[in-house]
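So that the names make sense, note that chain A is the first sequence line, chain B the second, and so on, each numbered from 1.
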There are 2 protein chains.
Amino acid sequence: MQLRTLELFCHVADQRSFSKAAVAAGVTQSAVSQSIGHLEESLETTLIDRSKRPLTLTEAGRVYLNGVREIVRQYKELEDRVQHHGRRLSDTVTVGAVYSVGLSYMPEAKQAFEQNHPDVRIRTEFGSSQRVVEMVTSNEVDFGLVSFPRATKTLGAIPWQSEPMRLVCSSEHPFASETEIAASRLEGIDMISFEKGVVLRQAIDQCLKSAGITVSISMEFDNCDSIVRAIQANRGIGIVPEAAVRRETANGTVRVVACREIQMTRPLGIIFRKRGKLCRAAIEFGSLLLGREMEHDMLSKTEAAKADRQKGESKDRAVSVLI
Amino acid sequence: MQLRTLELFCHVADQRSFSKAAVAAGVTQSAVSQSIGHLEESLETTLIDRSKRPLTLTEAGRVYLNGVREIVRQYKELEDRVQHHGRRLSDTVTVGAVYSVGLSYMPEAKQAFEQNHPDVRIRTEFGSSQRVVEMVTSNEVDFGLVSFPRATKTLGAIPWQSEPMRLVCSSEHPFASETEIAASRLEGIDMISFEKGVVLRQAIDQCLKSAGITVSISMEFDNCDSIVRAIQANRGIGIVPEAAVRRETANGTVRVVACREIQMTRPLGIIFRKRGKLCRAAIEFGSLLLGREMEHDMLSKTEAAKADRQKGESKDRAVSVLI
DNA sequence: CCGCACTATCAGGCAATTTAATACGGTGTG
DNA sequence: CACACCGTATTAAATTGCCTGATAGTGCGG
């Protein structure tokens, strides 16, 4: 059994889609399909229920996923532990990223960087926002790409860019034919959003509130993808990161509607461990992403943190980092 | 990374030899060498110190071995858990065996069986004696091949065959030129044996004692292999299973010396879980090994155990099983 | 220094994996 | 119900990687 196949399976389970898993893993959809097929064959079990979209895992699939995730995580950790026993520092930069951010920005960045630094490999690890924080904390990755970066005692955060959030609806929705609508038209409308725990949800609620609008949240999900799907199904409107609907707007299944009062962005940022310095290559790559010297941000933030700690609570700094 | 490669690495670590690992895994020495080579390359670390024989693990190698063993074990368990979710019973018989027994008897048995049952695969898992017991207990394997089989509350034991133990010495040893020696000549001689905890050691001590001989144990190891190596180095004589020195006697580096008073055998046996019945194929294969119907032994032992439990302690039954 | 046993390396063959192209199937639409 | 669209399965060809068999190199003991 190929460890890579197990990772592939994790991607498929995460994304509930073979083709998206293929993009995340950087192979073709065909390869994913066959790999998973062989995997199921060798296990003499069906792991994925292909009879409905989005795909779901079978009972066996769920059991397997749990085990495989743990095993893959454990192996990566072991690999790291052993590699650092070796003599020379790794020439590989590993970046953790949430799917939405990683998939949008990593491919070009990786390619651009590897062109200029043929001796350095860039690896991307995907995971939930929470998982990325964990990856950075436990030093599984050099740094992480997340939205709403949050500095903590051990983690530093560098604001990167603000990705616009768009008000989107299905092409069937009444709003679809309009290019701009007044905020008041949103009053009481059905909206699909993130679950209450998700930071993005809180930001959206905040934005709506300050626009003086009350909407009716009709569905809640823990990921962009499901939201987009529900919007496509015309179950309501939603506010999502632009990158998350790039494909869908291109093929016309959803529409972006402008609304002067709803001008949201979600801040993307780089998080890193304050202790334990990054290797040269990682800093170079971070600088490429940022479009400026990463080192400067790391230092200033660290100092800011130090100053903060003396003052007590660091809440206001956190805000300043986020915006 | 290929899970198979990780297993290979475990074999190499167990056997402290590429060529022996190759035999255990059923591939060529070249394949092992290359696999481990690539593994080390991909880890950018040296796992095995090739500068001395027998091979030793580097620091990184030891760390890696620990992790890999756990991961391989975990994956196998997961595989099982998921496969049993599937619809049909496995057509694979998995046998756990200590190296010395498995390597001697499994290859032919496997071949013979698969010839008659082309639809059944036989898989052999190697491990220490203790590990084999664990494999059987946790249902990782259908049954186990061990020496000194020991029935327990959960495990049944079927005596199989008695492998002769041989008194062997280096070709340089004074005894090498003699075909038979008197037991008295062993008095006070340097002997290499197993560590005190090993059952085989206790059996050997017992045998020597009843022959009225006291020897001087000059070295102790936890495995046959190291003992044979020490004997080859002429550090003393030893009493080891015939199969363990087959190669060495063939190439003349060690000699088997007959001694009328030292007539030892080590009992080999099959151990199995009393609860949870074996699949048809496993029983067929067991029967092939035993040369008689396995089912009969399993039943009678179970009943014997039941009778025993009523009487209290089962020590004397254990003996009857062993001999 | 030699012989022996073992490991490394190399070229060739074969099987597994990947890709690109295409067929097939599920889902929503008119 | 037919159609369009999106996503998955299938196929053949190309590629990669693994294994074998032969051979060269190395550690170890004499």
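- A:L47 has its CG atom 12 Å from the P atom of D:dA9, to the nearest Å.
- Side chains of B:T58 and B:D49: no donor on one and acceptor on the other come within 3.5 Å.
- At whole-Å resolution of the value, CD1 in B:I48 and C1' in C:dA8 are 13 Å apart.
- For the pair B:E108 and B:K110, the salt-bridge criterion is not met [side-chain N within less than 4.0 Å of a carboxylate O].
- Rounded to an integer number of Å, the gap from A:R229 CZ to D:dC6 C1' is 10 Å.
- Between A:E79 and A:R81, none of the side-chain N atoms (NZ, or NE/NH1/NH2) sits under 4.0 Å from a carboxylate O, so this pair counts as no salt bridge.
- The rotation axes computed at either terminus of the helix from C:dC1-D:dG30 to C:dG30-D:dC1 lie 30° apart, taking five pairs at each end and rounding to 10 degrees.
- A salt bridge links B:E140 and B:R131; the closest N-O separation between the charged side-chain nitrogens and carboxylate oxygens is under 4.0 Å.
- Counting only distance, with no hydrogens or angles, the side chain of A:T45 and the backbone of A:L47 share no donor-acceptor pair below 3.5 Å.
- When distances are taken from the side chain of A:Q34 to each of C:dT9, C:dT18, D:dA9, the shortest belongs to C:dT18.
- Salt bridge present: B:E178 and B:R185 bring a charged side-chain N and a carboxylate O closer than 4.0 Å.
- B:S226 contributes no side-chain N or O that, together with a main-chain N or O of B:N223, makes up a donor-acceptor pair within less than 3.5 Å.
- Atom CD of B:E41 and atom P of C:dA8 are 13 Å apart (whole Å).
- Contact annotation for B:T28: base contact, defined as any heavy-atom pair under 4.0 Å involving a base atom.
- Separating the CG atom in B:N66 from the CD atom in B:E70 is a distance of 9.5 Å, to the nearest 0.5 Å.
- In this structure, B:H38 places its NE2 atom 15 Å from C1' of C:dT7, rounding to the nearest Å.
- If you measure from atom CG of A:L3 to atom P of C:dT17, you get 13 Å, rounded to the nearest angstrom.
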Per-nt protein contacts along nucleotides 22-30 of chain D (heavy atom under 4.0 Å; B base, S backbone sugar-phosphate only, - none) come out as -----SS--
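- Taking B:E40 as the reference, B:R50 meet the salt bridge (charged side-chain N to carboxylate O under 4.0 Å, His left out) condition, with sequence neighbours excluded.
- At the phosphate of D:dT8, OP1 or OP2 sits under 4.0 Å from a side-chain N or O atom of A:S19.
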